[in-house]
Amino acid sequence: MSRIVRYPMNYLLRIVIVMCLTINFADAQVTSKNNAFTFGEELNFEVSYGWLNLAEAKLKVGNSVITEGSRPHYKIDAYGNTKGAATLFGKVNDNWGTHLDTGTLLPSLSYRYIEEGRYRKNEKVYFDQANKKATVELYDRENKNLKEKKEYKLPGQVQDLVSGFYLLRTMDLNNLKKGQEILITGFFDKEIYNLKLIYEGTEKIQTNLGTKETYVFSPQMPKNKLFRGEFPVKVWVTKDQNKIPVKIKANLFIGSLNLDIASANGLRNN
């Protein structure tokens with residue numbers, strides 16, 4: 001129980017985005033340009049376990065363009081922090097982020113600033129997409145001094161945990177068939193991941209934003225001691241031009257974790 005309460009964002013943040021790392025399938029195609037999100041968009045979520053409100057999460061696109069290698073980029077951040085009684089089990093304050101090229105929709109930089117109890121991890125990953133390389137830099141607890149730097153080979157163009165979700169939002173999902181398997185490849189935590197995503201069809205659900213028609217996906221999760229079954233997670237993404245996540249449910253060996261959207265501001269399409 002304490003492990004679930006202490007690290008809810010560690011697991012849910014990976015779930016919401018790990019299914020979107022790099023998606024390779026014929027029927028869902030990246031559009032010629034991004035029509036789904038824009039500068040200043042902010043999505044806020046509540047995380048709960050049963051009757052306990054554990055945490056808050058936020059996905060935020062920066063208000064203005066930033067430059068990497070003379071090219072314009074979105075600065076996108078995912079934040080997660082415990083609140084209320086959950087802090088008694090250990091305070092969590094996580095920030096995962098990416099610099100996403102506005103044209104190619106590929107990341108040039110990703111970063112993680114993790115505070116979970118006494119644990120700290122400060123990491124930057126610089127992507128050289130053209131030469132299929134990633135350079136990982138690890139910093140000390142205070143995020144001031146470089147401790148380790150290492151280069152990794154990539155199988156091709158990849159996404160990080162945050163950028164992959166925003167890539168998914170630019171895709172045309174209308175031609176997906178129920179039960180279709182989607183192969184996923186991505187780079188995270190110094191490793192290449194190959195996962196499978198199942199499209200489960202559409203569903204109309206009630207949310208804090210009103211009634212929404214949604215696409216439903218189930219990512220295959222790696223075996224671990226928390227999740228129950230091979231496909232323990234469902235993700236609901238709005239079936240509209242914005243394609244925002246409005247609900248995630250993760251079935252655990254005891255109970256379930258839920259992430260529900262609380263508010264959405266600055267959407268590109270109203």
**Prompt:** If you look only at pairs with a residue in residues 123-147, which of them pass as a ring pair (Phe, Tyr, Trp, His ring centres under 6.0 Å), with sequence neighbours excluded?
**Reply:**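 Sorted result for residues 123-147: empty, none.
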Tell me every residue that passes side chain to side chain donor-acceptor pair (under 3.5 Å) with [X], counting only those two or more places apart in sequence or in another chain.
| X | answer |
| --- | --- |
| E68 | H99 |
| T38 | none |
| T98 | D160 |

Smallest separation among heavy atoms of [X] and [Y], with atom names:
| X | Y | value |
| --- | --- | --- |
| S48 | N53 | CB-OD1, 4.0 Å |
| D172 | N175 | OD2-ND2, 4.4 Å |
| A36 | E41 | O-OE2, 4.3 Å |
| D240 | K243 | OD1-N, 3.0 Å |
| P245 | F165 | CD-CZ, 3.0 Å |
| I261 | N208 | O-ND2, 2.8 Å |

**Over 12 foreign heavy atoms within 6.0 Å of CD, Q241** =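 Open: at most 12 neighbouring heavy atoms sit under 6.0 Å from CD of Q241.
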**Item:** Full working for salt bridge (charged side-chain N to carboxylate O under 4.0 Å, His left out) between K91 and E115
**Value:** CA-CA 8 Å; K91 186 176 181 181; E115 299 180 11; over 6 Å; no
**Cluster link L106 to V65, ILVMFWY, side chain under 4.5 Å** = no
**Request:** State plainly whether one hydrophobic cluster holds both I66 and I76, where clusters connect Ile, Leu, Val, Met, Phe, Trp and Tyr through side-chain heavy atoms under 4.5 angstrom apart.
**Result:**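 As far as the 4.5 Å side-chain criterion goes, I76 and I66 are not connected within one cluster.
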Between [atom1] of [X] and [atom2] of [Y], what distance do you get to the nearest 0.5 Å?
| X | Y | atom1 | atom2 | answer |
| --- | --- | --- | --- | --- |
| R141 | Y119 | CZ | OH | 10.5 Å |
| L105 | M171 | CG | CE | 9.0 Å |
| K75 | S64 | NZ | OG | 10.0 Å |
| E46 | N258 | CD | CG | 12.0 Å |
| L100 | Q159 | CG | CD | 6.5 Å |
| L167 | T170 | CG | OG1 | 4.5 Å |

**Item:** Y113 and Y111 aromatic ring geometry - parallel, tilted or perpendicular at 30°/60° bounds
**Value:**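 Geometry flag for Y113 against Y111: parallel rings.
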**Pair N44-S263, side chain to side chain donor-acceptor pair (under 3.5 Å): steps then yes or no** = CA-CA 5 Å; N44 292 285; S263 64; 3.2 Å; yes
Main chain of [Y], side chain of [X]: is a donor-acceptor contact present, judged purely on distance under 3.5 Å?
| X | Y | result |
| --- | --- | --- |
| T238 | I244 | yes |
| D140 | K144 | yes |
| N242 | N35 | no |

I want to check something: taking the side chain as every heavy atom from C-beta on, are [X] and [Y] in contact at a cut-off of under 4.5 Å?
| X | Y | answer |
| --- | --- | --- |
| I114 | W96 | yes |
| E213 | T202 | yes |
| N34 | R268 | yes |
| L109 | V125 | no |

**Message:** Can you see whether N81 engages D94 through a side-chain donor-acceptor pair at a distance of less than 3.5 angstrom?
**Reply:** no
Are [X] and [Y] within salt-bridge range, i.e. N to O under 4.0 Å?
| X | Y | answer |
| --- | --- | --- |
| K234 | E203 | no |
| D101 | R71 | yes |
| E137 | K124 | no |

**Item:** Stepwise side-chain contact (heavy atoms from CB on, under 4.5 Å) test for H73 and T67
**Value:** CA-CA 6 Å; H73 286 65; T67 301; over 6 Å; no
**Message:** What verdict does the side-chain contact (heavy atoms from CB on, under 4.5 Å) test give for Y215 and N174, after you've listed the backbone C-alpha separation in whole Å, the side-chain angles of each residue and the deciding distance to 0.1 Å?
**Reply:** CA-CA 9 Å; Y215 300 105; N174 290 320; 2.8 Å; yes
**Prompt:** What residues form a salt bridge (charged side-chain N to carboxylate O under 4.0 Å, His left out) with K247, not counting sequence neighbours?
**Reply:**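 Partners of K247 under the salt bridge (charged side-chain N to carboxylate O under 4.0 Å, His left out) test: D260.
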**Fill in**
Sequence neighbours excluded, the answer for ring-ring contact (aromatic ring centres under 6.0 Å, His included) partners of F37 is Y74, Y166
**Worked check of side-chain contact (heavy atoms from CB on, under 4.5 Å) between T214 and K239** = CA-CA 5 Å; T214 63; K239 189 181 178 183; 5.6 Å; no
**Request:** Go through the steps for I205 and T211 under the test side-chain contact (heavy atoms from CB on, under 4.5 Å), then give the verdict.
**Result:** CA-CA 6 Å; I205 65 171; T211 303; over 6 Å; no
